[in-house]
Amino acid sequence: MGSSVDNRIPVWLDCDPGHDDTFAILLAAYHPAIRILGISTVFGNASLEKTTRNACSILTSISRSHSIPVYIGASHALHRPHLHAPTDIHGESGLDGTNLLPTPLVGPNTSVDAVTAMSTALRSCAPGTAWVVATGSFTNAAQLFLSHPDLVSHIKGLSLMGGAFGTGFTPAILGTVDGVPRVGNWTQFAEFNVLADPEAAHAIFSNKELAGKTTLIPLDLTHMVLTTEQVRDLILYGPEGKEAHPELPQDGSKGKTTLRTMLVELLMFFAKTYADVFGITEGPPLHDPLAVAAVLTGLVGTPLEEYQIPFWDFSPGTVEKHRERFEVTVVTEGTYEDARVNGAKTGMTVAKPLPEGEEGVRIPRGLDIPLFWKVLEECVSRADEANARGDDVLPN
């Protein structure tokens, strides 16, 4: 990339940290082809107060607390009461499992609300260049485009982690609870981010122009990207492996830096909850960074071509490699309690294939998983280097 022109992809990250959000923040903050505009927080994996503190703490752990602003978003859904944050997956804090998370050096910017900050940052970018990535409930993202509809045509794309389809959409195993196979991760039918605010999801998917710019990363894809023991070793020790670090415990309890140890401690907590709740024992899926990685597509023929991470609009191994697009609908009927207790399909997502050439939601069925892990580890290395330099200081 030339020094005179910044060709990086502008990205606004909306999240609810969250173990997997930690890796989404890391990827957005340290990928050389991404220019992160800011972070907004939303309710979800924990209360808004906790997700906001967690975001600030994560930025401190990777030496970016002074250079990436955090803004406070929605504490509840567009048209629903407060949702009691679940604790069975992410724990009471939203980031249980480690005592290495630092006290935030910088708190959230409270000068404006998250939606205002998002709109201002996006308007500062050239038309057709910026992405919004949302890895929590879609409340802030939906409110952004409801309040500023002109931004739909201004942005390059919207990448969402959420939804689940089942019915063999991918080969992924989605899990079993109480002996019952399920599609969703919050109820038998619904993925948590969509169920948390189904009206927000509907607002996005029913906007045809916005849907045509939307990439949806469902559980069907994320459950193909498991943090296995080999992946955890890669994060702990780097590509050189544990054999290159005889000075470290060989039981996986400590990595070559404090950051790496913290990241794997978070993953181990996440792994235990996924094994206990869903019966997925190979390793937990790392949902949220895939929504960040999805902006690194369509780069062939651009100055950023070397950074492309291929996502496939078809099942890997099939002969036909066509451009799939979908009409996505969301079940909005029913309360949270109906969904959790009474078996309602609230928050369920349904994807209808569109005729070839018609614009709609892109739902990848696969990606280059080894390349994804390689790129993520490289971002950990860059964060290690920043920590070693002591980069987290007030800008001049």
Side-chain angles (χ1 to χ4, degrees), residues 8-31 33-75 90 93-95 101-125 130-144 151 155 157-162 193 263 266 287-295 376 379 382-383 386 391-392 394-395:
R8 292 177 299 166
I9 301 165
V11 170
W12 184 280
L13 178 59
D14 185 76
C15 57
D16 63 337
H19 293 72
D20 45 334
D21 300 81
T22 302
F23 291 85
I25 291 172
L26 176 72
L27 183 60
Y30 279 105
H31 195 283
I34 293 174
R35 176 169 66 91
I36 186 167
L37 301 169
I39 289 174
S40 50
T41 55
V42 69
F43 76 97
N45 289 327
S47 67
L48 179 64
E49 178 184 4
K50 290 177 180 178
T51 61
T52 301
R53 188 186 191 281
N54 289 346
C56 295
S57 180
I58 292 163
L59 289 175
T60 299
S61 76
I62 61 173
S63 293
R64 295 300 302 269
S65 68
H66 286 96
S67 56
I68 299 175
V70 175
Y71 296 87
I72 303 172
S75 62
H90 297 276
S93 71
L95 280 177
L101 275 164
T103 300
L105 286 176
V106 180
N109 185 324
T110 58
S111 62
V112 295
D113 64 89
V115 169
T116 300
M118 295 165 78
S119 65
T120 301
L122 294 169
R123 292 183 198 283
S124 73
C125 303
W131 282 78
V132 176
V133 177
T135 62
S137 71
F138 302 164
T139 311
N140 290 338
Q143 190 61 64
L144 172 70
L151 285 175
I155 64 165
L158 171 64
S159 182
L160 305 171
M161 188 279 125
N193 287 347
L263 292 173
L266 290 171
H287 313 285
D288 294 346
L290 293 180
V292 177
V295 311
L376 188 65
C379 290
R382 294 184 191 101
D391 282 0
D392 207 5
L394 281 169

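Numbers for residues simply follow the sequence, beginning at 1.
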Heavy atoms of A29 and I36 approach each other most closely as CA-CG2, 4.3 Å
Heavy atoms of V42 and G136 approach each other most closely as CG1-CA, 4.2 Å
Separation between CZ (F43) and CG (N140), nearest 0.5 Å, reads 8.5 Å
Test side chain to side chain contact (heavy atoms under 4.5 Å, CB included), reference C15, set V133, N45, I25, output is I25
dist L266:CG -> D20:CG (nearest 0.5 Å) comes out at 10.5 Å
Notebook entry, point to check: Backbone N or O of A117 within a donor-acceptor pair of the T120 side chain at under 3.5 Å?
Noted result: no
Quick check: do L59 and V106 have side-chain heavy atoms less than 4.5 Å from each other? no
Heavy atoms of P104 and T60 approach each other most closely as CA-OG1, 3.4 Å
(message) For P102, is there any backbone N or O sitting under 3.5 Å from a side-chain donor or acceptor partner on S57?
(response) yes
CG of D113 to CD of Q143, rounded to nearest 0.5 Å, is 9.0 Å
Nearest heavy-atom approach of L27 to P289 is CD2-O, 3.5 Å
* Asked: Would you say S159's side chain and A291's backbone share a donor-acceptor pair under 3.5 angstrom?
  -> yes
Between D392 (side chain) and S65 (backbone), is there a donor-acceptor pair under 3.5 Å?
-> yes
Review point. Side chain of D288, backbone of T22: donor and acceptor closer than 3.5 Å?
Key: no
So CG of N193 and OG1 of T135: to nearest 0.5 Å the spacing works out to 7.0 Å
| message | Strictly distance-based, threshold 3.5 Å: is any side-chain N or O of Y30 a donor or acceptor partner for the main-chain N or O of A386? | response | no
- Item | Residue pair L151 / V132, side-chain heavy-atom distance below 4.5 Å | no
* Does D21 reach the main-chain N or O of D16 with its side chain, forming a donor-acceptor pair under 3.5 Å? -> yes
Next item on the list: Taking the side chain as every heavy atom from C-beta outward, state whether V11 and V292 have any atom pair closer than 4.5 Å.
Entry: no
Shortest non-hydrogen pair, A130 vs L122, comes out as CB-CD2, 3.7 Å
Taken to the nearest 0.5 Å, the spacing of R8 CZ from H31 NE2 works out to 11.5 Å
If only side-chain N and O atoms count, and only distance matters, is there a donor-acceptor pair under 3.5 Å linking S40 with W12? yes
Closest non-hydrogen atoms of A28 and I34, given as atom of the first, atom of the second and distance, are O-CG2, 3.4 Å
CG (L105) and SG (C56) are apart, to the nearest 0.5 Å, by 10.0 Å
Assess the residue pair H19 and L95 against the criterion (side chain to side chain contact (heavy atoms under 4.5 Å, CB included)); give the C-alpha distance rounded to whole Å, side-chain angles, the decisive distance to 0.1 Å, and a yes or no. CA-CA 6 Å; H19 293 72; L95 280 177; 4.3 Å; yes
